[in-house]
Amino acid sequence: MITRNEEGAVGKVIADIHAALDGRDAEVLVVDSSSDKTPGIAAAAGARVVRQFPPKGYGPAMARALAEARGDVVITLDCDDTYPAGFIPELANIVLSGQADLVNASRLGSRPQAMPFANYVANRVFALTARLALGVKTTDVHSGMRAYRRTLLQTVKFDSQGPALPVELLLKPALAGFRVTERFIPYSERVGVTTLNRWHSTVWTFRRIFRLVPLRFSHRHNTSGE
Ligand SMILES: Nc1nc2c(ncn2[C@@H]2O[C@H](COP(=O)(O)OP(=O)(O)OP(=O)(O)O)[C@@H](O)[C@H]2O)c(=O)[nH]1
Ligand SMILES: [Mg+2]
């Protein structure tokens with residue numbers, strides 16, 4: 001996870017993760033850029049906390065988290081109590097059992113009550129654009145909850161500067177030939193304050209989708225296998 005001022009949620013989220021892990025061999029990693037009590041709470045709850053301060057934004061924090069992660073499978077989720085930690089074992093097992101290299105936990109099986117209507121419509125449009133422009137079948141390009149095979153993260157190069165990095169983290173591996181699948185998850189009301197800048201995020205979402213169009217036709221497929 002990456003955190004910026006999530007002191008109201010971080011303790012519960014980490015407790016939920018530990019409950020879901022139920023003793024499995026896993027590390028909870030937090031890349032933190034907070035000026036509140038988040039890092040102390042995270043460390044006390046048993047997470048490995050890596051500080052990135054002053055804050056550099058979502059992209060650089062997520063890039064750091066993906067680079068620091070040490071497991072065979074890397075699960076991301078927001079630390080605002082919107083994503084269901086209970087799904088972690090199921091998502092991890094899909095990767096560990098070799099069924100897929102990336103699992104996207106989609107919030108858009110139906111309209112989530114916790115998602116503002118404008119965001120819901122935008123997310124539908126983004127997913128449709130990705131499908132039409134890139135041929136990638138997805139319902140949610142912005143989900144913060146994913147399971148990645150770590151070798152995939154080591155192979156695919158991502159541009160962590162600028163908003164909407166999750167879009168590229170999903171679509172670029174799919175175009176590179178990695179096996180991407182989706183599972184629907186419930187999505188809950190946020191605890192604490194959002195960092196989302198809607199306008200920037202929208203512009204960057206389209207930019208990140210359309211600049212991948214050449215990859216669609218370049219036939220550079222992943223041959224590294226597992
Ligand atoms: N380390 C770090 N974490 C960040 C930064 N910006 C956002 N985050 C974290 O990234 C995650 C996603 O950010 P959110 O504010 O939830 O963004 P969002 O999910 O697009 O917006 P909401 O729909 O309002 O939840 C949260 O856990 C934030 O605390 C940053 O600059 N540094
Ligand atoms: Mg969030």
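These values consider heavy atoms only, across backbone and side chains, with no hydrogens, waters or symmetry-generated copies. All residue numbers refer to positions in the sequence shown, counting from 1. In each ligand, atom 1 is the first atom listed, and ligand 1 is the first ligand listed.
- Between Thr38 and Val49, every side-chain heavy-atom pair lies at or beyond the 4.5 Å cut-off.
- Ring pair Phe206/Phe210 is parallel by interplanar angle, where below 30° counts as parallel and above 60° as perpendicular.
- At a threshold of 4.5 Å between non-hydrogen side-chain atoms, the residues Arg216 and Leu212 do not count as touching.
- Note that CD of Gln52 is 8.5 Å distant from CD1 of Ile2, once rounded to the nearest 0.5 Å.
- Inter-residue side-chain proximity for Leu102 and Leu152 is flagged as met; some heavy-atom pair is nearer than 4.5 Å.
- When the Mg ion (ligand 2) is compared with the N/O/S atoms of Asp78, atom OD2 turns out nearest.
- Using modelled atom types, one finds no donor on one side chain facing an acceptor on the other under 3.5 Å when comparing Glu6 with Ser34.
- Taking the Mg ion (ligand 2) as reference, the nearest N/O/S atom within Asp80 carries the name OD2.
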Could you list each nitrogen or oxygen of ligand 1 that sits under 3.5 Å from a protein nitrogen or oxygen, with the atom names and the distance?
from, atom 1, to, atom 2, distance (Å)
ligand 1, 1 (N), Thr3, O, 3.1
ligand 1, 1 (N), Val31, O, 3.1
ligand 1, 1 (N), Ser33, OG, 2.7
ligand 1, 3 (N), Thr3, N, 3.3
ligand 1, 3 (N), Thr3, O, 3.4
ligand 1, 15 (O), Arg190, NH2, 2.9
ligand 1, 15 (O), Thr195, N, 3.0
ligand 1, 15 (O), Thr195, OG1, 2.8
ligand 1, 16 (O), Asp78, OD2, 3.3
ligand 1, 16 (O), Asp80, OD2, 2.8
ligand 1, 16 (O), Arg190, NH2, 2.9
ligand 1, 19 (O), Asp78, OD2, 2.7
ligand 1, 21 (O), Thr194, OG1, 3.2
ligand 1, 24 (O), Arg190, NE, 3.2
ligand 1, 24 (O), Thr194, OG1, 2.5
ligand 1, 25 (O), Asp80, OD2, 2.9
ligand 1, 25 (O), Arg190, NE, 2.9
ligand 1, 27 (O), Ile2, O, 2.8
ligand 1, 27 (O), Cys79, N, 2.9
ligand 1, 29 (O), Arg4, N, 2.9
ligand 1, 29 (O), Glu6, OE2, 2.6
ligand 1, 31 (O), Gly57, N, 3.0
ligand 1, 31 (O), Gly57, O, 3.4
ligand 1, 32 (N), Ser33, OG, 3.0

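- Counting non-hydrogen atoms of neighbouring residues, nucleotides and ligands closer than 6.0 angstrom, the CG atom of Asp72 reaches no more than 12 such neighbours.
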